[in-house]
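For clarity, every value in this text was computed on a predicted model and none was experimentally measured. In listed order, ligands and their atoms are each counted from 1.
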Amino acid sequence: MRKRMTAFCLILGALLASGVTAHAQSQPGPITAIKAGRLIDPETGTVTTNQVILIEGEKISGVGPNLNIPAGATVIDLGKLTVLPGLVDAHTHMAITYKEQPENNYYYLTYVMDSTALRAIQAASNGMQLLNSGFTVIRDVGNNGLYADVALRQAIEQGWLPGPTVIPSGIIIGGTGGQFWPTPEMYKQHNIVFPEYIDANSPDEIVRAIRQNMLFGARTIKLCIDCKPWGYSVDDIKLAITEAAKGGCKVEGHVQTPEGAQRAIDAGIYIIGHGTALTPDHHRQMAAKGIFLAGTDTPFTKYRGTDASFKQVVDKLRDAWEKKVPLTFSTDLDYWNDRMKDEKTGAWLTRGDLTIAFIETWKAARIPPADILRALTINGYKAADIIKERGPIKQGMFADMIAVSGDPLTDIDALRNVQFVMKNGMVFKKDGVMTPEKFFHPGPVRIPSGRWTR
Ligand SMILES: [Zn+2]
């Protein structure tokens, strides 16, 4: 038996090694040349005109005004459009949608009634809807059943279907109960908190929970800092940051109290999720320490929120911007109701429409378009910790980009009407219409480079 196992391991090793070699030596892919009428660099908030972007396979091979277009290249003329990097939602939930019917907006019921498998398929649909609206990266921070977020990442990365690059957190880690207040019988006899939350109370349990998430494919770690009065101490959070770093993960803290915010800041957390509990003094400290804010700044609409809570959200966002906190664009979208319709046409809004609609809050906070765009791109890539490989339209980066009519640097609403989307060098949307055929195939499974696990 042992001999057979050894032989199996040798064969598996050889197969894996040959796969890696094949990938490393893979032929350069087809060449595409994009003619961009205008090209935005969101880092500097500047525009250049009449640029050529060369793409070889999945990556950008050159950008400039007078690049030679090689013979045989596919030329895409976006001369009338503004090209810019893809957008980022830095805090969302792809695999949960709680609704008025049948669960009366109570996500306790959603996760009892919707299987992880069903939720994973919903996530796949959400991913395409988001890509259609120009979102090429999302941070998916929990409440995804049993790792549907990781499955979504893998499926997109392996080439089964189009979607944004997903940065999954795996299961949210918290003290007893997570964000739930279950009955004793459901908690003790049915472990009802899992898999929405992992209970981790002691240092040992925190380490174990983080390792479990990373083993199952998390690329970021989400902690409930203060979902319960017992919450996490500064030392607990520091331990989590150190442990997560071993697997290349940064930590986001869900924060809902000023005390929790202070502990997260003192521990040097990477991202604070939700802005509602933050004071001007917290903003000052976050700016000084470079802590990202994923404020999840919900606009007041016919289908969501109140005028009073909106005013509070707007004031907090404005203060964070004035204090120069590194801001990301984030939504916390995990719900749906039948009022989510286009006011003019009465058509259902897609998950992508609903996501980009959050710019209403940023406009109400009188944040300049260039800074909104930076939150939607550069700061998002940094918060997702992928800026070295994705985002900026520069040589060597993955070819993810979008194009819109108009100029988002003067009119941010231009982003609501994305005409063109490219992901990994493949065209997903052109002339305002989804063209995803090339993304669908039963093989070969793409083997992502750089990391040999999930
Ligand atoms: Zn959330």
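- Between Glu252 and the choices Lys222, Arg219, Arg139, the salt bridge (charged side-chain N to carboxylate O under 4.0 Å, His left out) rule is met once, by Arg139.
- Figure legend: cation-pi geometry between Lys316 and Trp321 absent, as NZ or CZ is not positioned both under 6.0 Å from the six-membered ring centre and within 45° of its axis.
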Check against ring pair (Phe, Tyr, Trp, His ring centres under 6.0 Å), Tyr111 and Tyr197: CA-CA 11 Å; Tyr111 89 104; Tyr197 302 92; 8.0 Å; no

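- Near the Zn ion (ligand 1), less than 2.8 Å away, sit the protein N, O or S atoms His91 NE2, His93 NE2, Asp332 OD1.
- Of the N and O atoms on the side chains of Asn424 and Arg390, at least one donor lies less than 3.5 Å from an acceptor on the other residue.
- Salt-bridge annotation for Glu322 and Arg366: absent, with no side-chain N of the basic residue lying under 4.0 Å from a carboxylate O of the acidic one.
- Aromatic ring centres of Phe180 and Tyr107: separated by under 6.0 Å.
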